[in-house]
**Q** 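Dropping a structure here in structure tokens format, bear with me for questions.
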Amino acid sequence: MIKTTTQQFSKCSRVLAVILFYTEAAFAHPQKGEAVGFLTGFRHPISGLDHVLAMVAVGLWGAQLGAPAIWVLPVAFPMVMAFGGMLGLMGVPLPGVEYGIALSAILLGAAVLFEFRPPLGCAAALVGFFAIFHGHAHGTELPPGQSALVYSIGFVMATGLLHALGIGIGTVHRWGWGQKFLRLAGALVAVGGMFFMWKAVA
Amino acid sequence: MKRASQSRLPLYAFVACAFVMCAIPSEAHLNSTGVGPFYDGLIHFLMSPEDIIPVLALALLAGLRGASYGRRALFTLPVAWFLGGLVGLSALTTRPHPFISAAWFLMLGGLLAADAEVSLRVTTALATLLGVYHGYLNGAGMGQFETAAVALLGLVFAIFVLIALAAAFVVRLRADWSRIAVRVAGSWIAASGLLMLGWAIRTR
């Protein structure tokens with residue numbers, strides 16, 4: 001009796017194994033390419049330390065300068081960066097992109113380190129000028145076959161959130177120790193920029 | 001008796017396992033069944049960033065300008081969308097033009113970022129144009145279904161609710177930083193529009 005049951009169980013297990021290996025497609029995902037487009041767009045600005053340093057530095061500098069620079073600079077950077085990205089997508093050449101990116105980290109880091117306070121227009125122009133290099137680099141590196149809309153949204157959101165991170169860190173400026181901390185952070189950004197400049201030249 | 005019931009246990013276990021493991025397509029996301037035409041239309045809008053973002057931008061812009069602007073957008077845009085959709089239902093096929101989509105992002109995002117002092121008339125014109133254009137595209141895409149008009153109603157309902165919520169939220173904002181946050185959102189939308197324009201030119 002026990003032997004019969006064991007044989008029966010063995011047969012049943014074989015059938016069960018066949019059923020287990022018979023898998024169906026999940027149909028659980030949105031339109032083809034869209035999720036990938038958003039995530040790749042979101043990851044793109046945060047995937048390179050040289051970009052991250054400059055974008056966080058923009059937020060830090062804005063927080064140091066106070067209103068209205070605290071929101072003018074983080075608004076100017078993504079807008080001009082998107083313009084640079086558009087040029088890159090269109091295939092418009094821009095010489096010295098890597099140098100421009102490294103120089104942006106050096107100068108923005110130095111601006112935070114020395115608490116440089118130029119007129120608002122000059123600060124926005126400086127940030128906007130370097131944003132073109134960052135945007136152009138992103139634009140030429142875009143992967144093919146992605147959803148343009150959701151990729152762009154992810155890309156811009158990540159950039160804006162990096163500025164917000166910089167502004168968030170920059171709020172420590174109201175305290176004495178915070179001002180020293182920010183200047184130290186600026187020095188670190190500038191050193192990082194020098195490293196990337198050395199890499200670009202080498 | 002006890003021994004007999006124990007001997008059947010593997011068989012029962014097998015039958016139970018077979019029921020559990022015999023997988024058929026789950027249809028959990030209702031790709032094939034839908035949720036009825038009204039909710040299909042509603043969900044279609046909520047799942048379409050190319051539709052929802054310009055509507056959100058217009059609602060935020062109207063909210064920044066004031067309650068009367070919000071009310072105007074609230075009633076103009078859904079009506080225009082519905083009328084455009086009805087016209088689109090009879091269209092054979094049409095595809096959204098990437099340059100026009102990018103232009104809507106750029107224009108509405110730019111106006112929002114600049115906190116532009118647009119007049120009530122301009123707001124009405126923007127709502128009408130946006131509604132007719134996107135409604136027409138939606139209608140053209142739904143034309144093959146018999147219940148498309150009901151789906152269009154669901155879609156318009158979603159637009160009405162979104163504008164009401166977003167505009168009312170912004171109208172009551174008083175702190176400077178909160179209004180600036182809304183303008184930053186506008187700059188993000190405009191920046192996305194710029195990138196979309198680049199994509200459109202690249203793939204032309």
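Note that these values count all heavy atoms, side chains included, but never hydrogens, waters or copies made by symmetry. Order of the sequence lines sets the chain letters (A, B, ...), proteins ahead of strands, with each chain counted from 1. Just so it is clear, the structure is predicted and the values come from calculations on it, not from any experiment.
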**Q** Does the Y151(A) side chain pair with the main chain of M196(B), one donor and one acceptor, at a distance under 3.5 Å?
**A** no
**Q** Counting only non-hydrogen atoms closer than 4.5 Å, does I189(B) touch chain A with its backbone (N, CA, C, O), its side chain (CB onward), both, or neither?
**A** neither
**Q** By a 4.5 Å heavy-atom criterion (distance strictly below it), what part of M157(A) contacts chain B: side chain, backbone, both, or neither?
**A** both
**Q** Kindly state whether the ring of H44(A) and the ring of H51(A) have centres lying under 6.0 angstrom apart.
**A** no
**Q** Could you check whether R65(B) pairs with D115(B) (Lys NZ or Arg NE/NH1/NH2 to Asp/Glu carboxylate O, under 4.0 Å)?
**A** yes
**Q** Any chance the rings of F181(A) and H173(A) have centres within less than 6.0 Å?
**A** no
**Q** Quick one: which of S187(B), P98(B), A113(B) has the most heavy-atom pairs under 4.5 Å with chain A, could you say?
**A** S187(B)
